[in-house]
Colleague: 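The structure's right below; bear with me while I get my questions together.
Just so you know, these numbers come straight off a predicted model, no measurement behind them. We count residues from 1, following the sequence as given.
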Amino acid sequence: MSSDNPYAQAQVGEETIASNLAKGFKPPVAATGRDRGDGPFARLVLRGATLIDGTGAPPWGPVDIVVENSRITAIVNVGTPHKPINPDRRPAAGDYEIDCHGKYVTPGLIDSHGHIGTPYHAMSGEVPPADYIYKLWLAHGVTTVREMGSMNGLTWTLEQKGLAASNQIAAPHLIAHTVFPAINDRVKTIHTPEQGRDWVRRLKARGGDGIKFFGAPPAIMQAALDEAAKVGLRSGCHHAQMAVTRVNALKSAQWGLTSSEHYYGLPEALFENRVVQNYPTDYNYSDEYYRFSLAGQTFMQAAKPGSAKWREVMDKFLELGHTFVPTFNIYDANRDLMRARRADWHDDYTWKAVWKYFQPQRGGHGAYWYRWSTTNEIEWKQNYQLWMQFINEYKNLGGRVCAGSDSGFIFQIYGFGLIRELELLQESGFHPLEVLRAATMLGAELLGVDEETGSIDVGKRADLLIHEQNPLEDFKLLYGTGAMRLNDATGKVEWKRALRYTVKAGVVYDTEQLLADVRKMVEGSWEGDPDGPPHRR
């Protein structure tokens with residue numbers, strides 16, 4: 001292997017971080033201890049809740065939910081709405097109790113496409129610590145995250161996963177997928193199908209949970225997916241433009257890919273009169289403006305909704321049992337840059353280097369705003385309409401769609417991005433109960449942890465959210481900033497927030513405390529900077 005390759009000798013799962021370290025990009029400071037959260041308790045009782053269980057079933061209650069240590073041990077129907085509860089029907093007292101009368105309990109949310117930071121933020125300053133990201137996730141009800149890439153290194157990620165699993169740090173449960181290093185423009189150490197198979201086997205031996213593809217030469221990718229099935233590893237793919245003409249989303253699904261991330265590869269599977277997107281002759285993928293502006297034209301070049309080709313591709317995905325994780329939110333700024341850039345949360349919750357990284361700059365992934373236009377936004381709106389129609393129809397026909405955020409890019413930050421994803425799934429045509437199901441039960445199925453979490457049932461892990469208002473009425477109530485409301489009695493504007501407590505594996509987190517911690521961290525990140533945070537600019 002050439003000595004010019006800085007990661008050629010890296011251990012399996014460490015190729016990406018080796019490449020980033022060679023560029024001077026360091027991982028975030030890892031979490032080492034837990035300074036928030038109470039429990040787990042020998043016996044925790046949630047009293048009088050209205051329960052939304054994550055399966056798609058409607059709310060019901062009042063119920064008392066009993067948690068012993070980290071497991072749900074009883075769900076007891078204790079009465080009828082609007083009537084006094086007979087105390088004789090209630091479970092015995094707990095060591096710790098939360099009054100949930102008039103409140104709603106849902107499963108913890110599952111972010112099926114997340115990252116514990118991105119080394120690229122180092123281009124703009126000190127990257128935020130892992131605690132910043134974890135607390136934003138927990139404050140928004142995220143109790144499980146599929147880390148799609150382990151860009152900080154598999155060793156780093158597995159150490160954090162172990163600490164999170166034992167509640168030694170304040171963090172969601174982590175599922176570690178690792179980048180498959182077989183793409184020239186990213187990281188490439190795999191050059192043959194047998195090398196790909198060997199890499200998959202070694203990843204499994206190291207304790208990885210799955211593989212993150214950006215594409216690969218067809219023979220290599222097919223071999224890797226075949227080996228992944230043999231050893232029991234799941235997989236997801238961002239079908240990058242540099243590889244999609246050889247392997248689109250349908251082809252990789254036919255080879256056994258578990259899920260398609262974002263939307264790349266789907267319109268290419270729907271092409272009828274072309275194989276290659278209609279690129280202008282001066283296109284350059286390394287110019288992020290070209291990469292993202294032209295990506296907003298692909299569905300307009302594909303088969304029309306309801307056409308024979310549309311139906312044929314839809315049916316094939318359904319037959320394969322394939323999963324889509326659209327991450328609508330991460331491209332939301334492409335439809336309306338001003339809205340995403342001036343979102344309410346940036347002032348208090350966006351870390352300095354992250355904010356600065358988002359601004360237009362050459363060489364920054366997702367920082368392509370140096371010539372974004374009205375035409376670009378219109379094309380992306382049209383792209384979304386077709387994309388959302390496919391995803392909603394796929395769901396209606398029984399296909400699995402899950403919620404993922406991919407935050408850390410394009411003006412989307414952790415926690416807030418996943419709540420925006422819930423809004424966009426609803427915009428696609430999902431009923432709020434279907435949205436919640438995508439972000440809980442179906443996410444757990446995708447990750448292979450549905451016997452542990454994803455819905456509320458006896459025997460499952462106590463990953464629960466306690467809401468002061470019904471989240472189905474308005475997902476905006478789940479934002480850490482809350483939603484702007486007018487108090488008619490006082491004539492003043494108030495910010496209403498629904499999520500009060502996040503319970504992860506029986507540990508109760510006060511979301512107000514978590515948000516206060518993040519605000520303090522963000523304020524500190526701007527200390528001494530003459531520009532100041534966004535609201536002072």
Side-chain angles (χ1 to χ4, degrees), residues 1-23 25 27 115 118-120 147-158 176-262 264-265 268-269 275-277 284-286 291 365:
M1 191 69 64
S2 169
S3 60
D4 294 332
N5 188 334
Y7 41 79
Q9 304 305 318
Q11 188 178 13
V12 165
E14 310 301 327
E15 298 92 349
T16 298
I17 189 61
S19 174
N20 286 327
L21 288 171
K23 300 172 186 174
F25 299 161
H115 299 291
T118 170
Y120 306 142
E147 217 299 353
M148 281 302 284
S150 300
M151 292 186 290
N152 301 315
L154 184 60
T155 299
W156 189 99
T157 306
L158 291 178
H177 281 225
T178 303
V179 171
F180 186 70
I183 291 291
N184 286 329
D185 64 299
R186 293 181 181 270
V187 179
K188 189 167 186 176
T189 62
I190 295 171
H191 301 270
T192 69
E194 186 48 48
Q195 287 176 346
R197 289 182 182 276
D198 181 64
W199 186 92
V200 170
R201 291 190 292 266
R202 286 189 286 153
L203 177 65
K204 175 69 174 181
R206 289 207 63 204
D209 298 306
I211 306 167
K212 164 71 174 292
F213 289 94
F214 285 97
I220 295 176
M221 187 168 177
Q222 186 174 14
L225 286 168
D226 180 68
E227 197 66 30
K230 291 178 180 177
V231 302
L233 289 179
R234 295 171 186 250
S235 54
C237 185
H238 167 154
H239 294 84
Q241 288 99 321
M242 296 302 292
V244 73
T245 55
R246 293 183 289 176
V247 183
N248 63 38
L250 182 56
K251 181 172 288 188
S252 58
Q254 290 168 331
W255 290 344
L257 182 74
T258 312
S259 65
S260 288
E261 312 300 304
H262 317 308
Y264 308 105
E268 288 83 356
V275 174
V276 177
Q277 179 185 344
N284 188 327
Y285 177 72
S286 297
R291 173 178 171 179
H365 176 50

Colleague: Step by step, work out the side chain to side chain contact (heavy atoms under 4.5 Å, CB included) result for Phe25 and Thr118.
Modeller: CA-CA 9 Å; Phe25 299 161; Thr118 170; over 6 Å; no
Colleague: Restricting to non-hydrogen atoms, name the atom on Asn20 and the atom on Pro119 that form the minimum distance, rounded to 0.1 Å.
Modeller: ND2-CG, 3.4 Å
Colleague: Which pair of heavy atoms, one from Val187 and one from Ser19, lies closest together, and at what distance?
Modeller: CG2-CB, 4.1 Å
Colleague: Given side chain to side chain contact (heavy atoms under 4.5 Å, CB included), test Leu257 with Phe213 step by step and report yes or no.
Modeller: CA-CA 9 Å; Leu257 182 74; Phe213 289 94; 4.1 Å; yes
Colleague: Please test Glu268 against His239 for side chain to side chain contact (heavy atoms under 4.5 Å, CB included), starting from the C-alpha separation and ending with a verdict.
Modeller: CA-CA 10 Å; Glu268 288 83 356; His239 294 84; over 6 Å; no
Colleague: Among all residues two or more places apart in sequence or in another chain, which pass the side chain to side chain donor-acceptor pair (under 3.5 Å) test with Thr192?
Modeller: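 Checked Thr192 against side chain to side chain donor-acceptor pair (under 3.5 Å); zero matches.
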Colleague: Can any side-chain N or O of His177 pair as donor or acceptor with the backbone N or O of Ile211 at less than 3.5 Å?
Modeller: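 Present.
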Colleague: Below 3.5 Å, can you tabulate the donor-acceptor pairs from side chains in residues 218-229 to any protein atom, sequence neighbours excluded?
Modeller:
residue	atom	partner	partner atom	Å
Asp226	OD2	Arg197	NH1	2.9
Asp226	OD2	Arg197	NH2	3.1
Asp226	OD2	Lys230	NZ	3.3
Glu227	OE1	Arg197	NH1	2.8
Glu227	OE2	Arg201	NH1	3.3

Colleague: State, to 0.1 Å, how close Gly196 and Ile190 come at their nearest heavy-atom pair, and which atoms those are.
Modeller: N-CG2, 3.5 Å
Colleague: Identify, with sequence neighbours excluded, every residue that meets ring-ring contact (aromatic ring centres under 6.0 Å, His included) alongside His262.
Modeller: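 Scan of His262 (ring-ring contact (aromatic ring centres under 6.0 Å, His included), adjacent residues dropped) gives His113, His238, Tyr264, Tyr331.
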Colleague: My understanding is that only residues two or more places apart in sequence, or in another chain, count here; which of them pass salt bridge (charged side-chain N to carboxylate O under 4.0 Å, His left out) with Arg246?
Modeller: none
Colleague: Taking salt bridge (charged side-chain N to carboxylate O under 4.0 Å, His left out) as the test, write out the residues that go with Glu261, two or more places apart.
Modeller: Arg146
Colleague: Search all heavy atoms of Pro217 against all heavy atoms of Ala182 and return the closest pair with its distance.
Modeller: CD-O, 3.4 Å
Colleague: With sequence neighbours left out, which residue pairs that include part of residues 206-220 fulfil the salt bridge (Lys or Arg N to Asp or Glu O under 4.0 Å) condition?
Modeller: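 Qualifying pairs, neighbours excluded: Glu14-Arg206, Lys161-Asp209.
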Colleague: Is there a donor-acceptor pair under 3.5 Å between the side chain of Glu15 and the backbone N or O of Gly13?
Modeller: yes
Colleague: Looking only at atom types and distance, does a side-chain atom of Thr258 sit under 3.5 Å from a main-chain N or O of Gly236, one as donor and one as acceptor?
Modeller: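 No, the answer is negative, given that no donor and acceptor are paired below the 3.5 Å cut-off.
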Colleague: Would Val200 and Val231 count as a side chain to side chain contact (heavy atoms under 4.5 Å, CB included) if you check the C-alpha gap in whole Å, the side-chain angles of each, and the deciding distance to 0.1 Å?
Modeller: CA-CA 8 Å; Val200 170; Val231 302; 3.9 Å; yes
Colleague: Could you check Leu203, Val179, Val12 and say which one makes a side-chain contact (heavy atoms from CB on, under 4.5 Å) with Leu154?
Modeller: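 Only match with Leu154 under side-chain contact (heavy atoms from CB on, under 4.5 Å): Leu203.
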